[in-house]
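What follows is a short report on a single structure.
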Amino acid sequence: MAAGVGAGYLIWGWPTNWYARDVTNLPASPENDIIRYGHSLIVDTPKQIGKGASDPKKRYAGNDLACKNCHLDAGLRPFAAPFVSTFATFPMLVDDQVITLKERINGCMRRSMNGKNLPEDGPEMEALIAYIKFLGHGTPEGVRVAGMGLLPLADPPLAADSGRGGKVYADLCANCHKDEGQGERNQSPQLGYSIPPLWGDDSFNAASGMAKLAYAAAYVRANMPFGVRYLDPVLSEQQAWDVAAYMISMPRPPAPPGAGSELR
């Protein structure tokens with residue numbers, strides 16, 4: 001993995017902008033329709049497979065979050081857990097186990113979406129993989145191109161403190177995510193959130209990656225408040241660690257039995 005990450009950073013300057021894919025430019029075809037369906041699953045998850053989806057058989061998620069709430073720009077934002085190298089780097093060996101892309105997607109369904117597995121041979125799984133493969137078209141095999149994952153974050157000068165983090169949250173986060181972390185729902189009849197909840201019953205559960213201190217701190221530093229880019233962060237490293245500690249200290253759905261960690 002280290003070799004792959006290193007190689008990825010060496011090719012940051014390649015002429016190709018791996019983060020500039022657009023499904024709207026795809027010509028009409030059955031294959032591209034599947035890719036577009038995968039994109040719709042990412043950006044409009046609550047409508048398609050959320051707990052209030054019109055088809056009860058497709059209510060796989062247990063909350064009204066959308067994949068794009070964390071995978072910003074539908075998986076095309078550098079250092080916001082993008083999908084660009086995902087297809088090329090799976091299957092992946094993690095903790096002495098080979099993890100397939102389908103298993104990784106269903107890990108997200110059980111943890112971040114607090115729901116249940118998608119059928120591995122179903123149209124939703126096919127569409128998600130087709131979309132992820134489309135985003136990675138032409139990227140080098142086995143290499144995580146620069147911008148994948150999260151921006152490395154140094155250890156804080158002081159131990160992360162949820163008390164200090166509460167003040168950071170009030171000053172810089174509550175305006176969007178609200179005082180009780182409940183976020184802001186889309187206007188009816190649209191399902192889901194314009195601003196996702198960070199805790200509470202409709203948030204990600206305790207086994208999700210975002211419920212882990214280091215993951216949350218790195219994500220927040222590079223991407224929050226909303227609109228921030230990793231090259232020009234607003235929060236200091238200490239503030240990112242502190243506000244992450246505050247966020248993950250708040251109540252949320254418990255980890256499902258046998259869920260493990262989404263960092264796998």
Side-chain angles (χ1 to χ4, degrees), residues 18-19 21-77 80-92 94 97-139 141 148 186 189-194 196 202 204-205 207-210 253 256 258-260 262 264:
W18 305 118
Y19 295 88
R21 305 296 167 90
D22 186 356
V23 297
T24 63
N25 293 328
L26 291 173
S29 75
E31 294 80 8
N32 289 339
D33 287 344
I34 295 173
I35 294 171
R36 278 186 280 267
Y37 182 39
H39 177 262
S40 72
L41 289 169
I42 297 295
V43 302
D44 202 5
T45 318
K47 176 182 177 181
Q48 301 290 347
I49 56 173
K51 64 181 183 180
S54 58
D55 185 348
K57 295 180 181 178
K58 293 189 176 184
R59 293 174 183 171
Y60 296 108
N63 56 35
D64 273 335
L65 295 178
C67 302
K68 69 172 183 177
N69 290 146
C70 289
H71 302 281
L72 300 180
D73 297 343
L76 284 170
R77 176 82 63 85
F83 298 139
V84 172
S85 289
T86 300
F87 188 84
T89 52
F90 275 85
M92 183 180 289
V94 180
Q97 294 185 12
V98 175
I99 305 298
T100 67
L101 182 51
K102 290 181 178 182
E103 289 172 326
R104 184 64 187 85
I105 289 170
N106 273 333
C108 228
M109 290 300 302
R110 295 191 306 273
R111 301 174 187 118
S112 289
M113 308 309 292
N114 196 36
K116 59 186 180 182
N117 288 350
L118 299 171
E120 290 201 356
D121 58 352
E124 288 71 37
M125 182 66 79
E126 179 188 14
L128 286 171
I129 289 179
Y131 176 68
I132 291 169
K133 184 177 180 179
F134 165 72
L135 294 191
H137 179 72
T139 58
E141 288 290 326
M148 284 296 296
N186 289 318
Q190 186 178 1
L191 301 176
Y193 291 87
S194 56
D202 213 29
F204 47 88
N205 69 42
S208 71
M210 201 65 78
E262 198 167 74
R264 289 175 52 174

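On a predicted model such as this, the values are computed, not experimentally measured, just so you know.
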Please collect all salt bridge (charged side-chain N to carboxylate O under 4.0 Å, His left out) contacts where either partner lies in residues 59-72, sequence neighbours excluded, each pair once.
Asp64-Arg185
Does the side chain of Met148 come within less than 4.5 Å of Thr86's, by heavy atoms?
yes
What pairs meet the salt bridge (charged side-chain N to carboxylate O under 4.0 Å, His left out) rule with one or both residues in residues 25-34, with sequence neighbours excluded?
Asp33-Arg36
Could you give the distance from CD1 (Ile42) to CG (Leu128), rounded to the nearest 0.5 Å?
5.0 Å
Those residues at least two apart in sequence (or on a different chain) that pass salt bridge (charged side-chain N to carboxylate O under 4.0 Å, His left out) with Arg21 are none
Output a table of donor-acceptor pairs, distance under 3.5 Å, between side-chain atoms of residues 48-56 and any protein atom two or more places apart or on a different chain; print 'none' if there are none.
from: Lys51; atom 1: NZ; to: Asp202; atom 2: OD1; distance (Å): 3.1
from: Asp55; atom 1: OD1; to: Lys57; atom 2: N; distance (Å): 3.0

Got a donor-acceptor contact below 3.5 angstrom from the Asn32 side chain to the Pro27 backbone?
yes
Is there a donor-acceptor contact under 3.5 Å from the side chain of Asn69 to the main chain of Ala66?
yes
Side chains of Val23 and Tyr131: does their closest heavy-atom pair fall under 4.5 Å?
yes
Per the side-chain hydrogen bond (donor to acceptor under 3.5 Å, both in side chains) rule, what does the pair list look like for residues 38-47, sequence neighbours excluded?
none
Minimal non-hydrogen separation, Phe83 against Ile132, with atom names:
O-CG2, 4.0 Å
Only distances under 3.5 Å count here; give the side-chain donor-acceptor pairs of residues 118-126 to other protein atoms, sequence neighbours excluded, each with its distance to 0.1 Å.
from: Glu124; atom 1: OE2; to: Tyr37; atom 2: OH; distance (Å): 2.7
from: Glu124; atom 1: OE2; to: Lys58; atom 2: NZ; distance (Å): 3.2

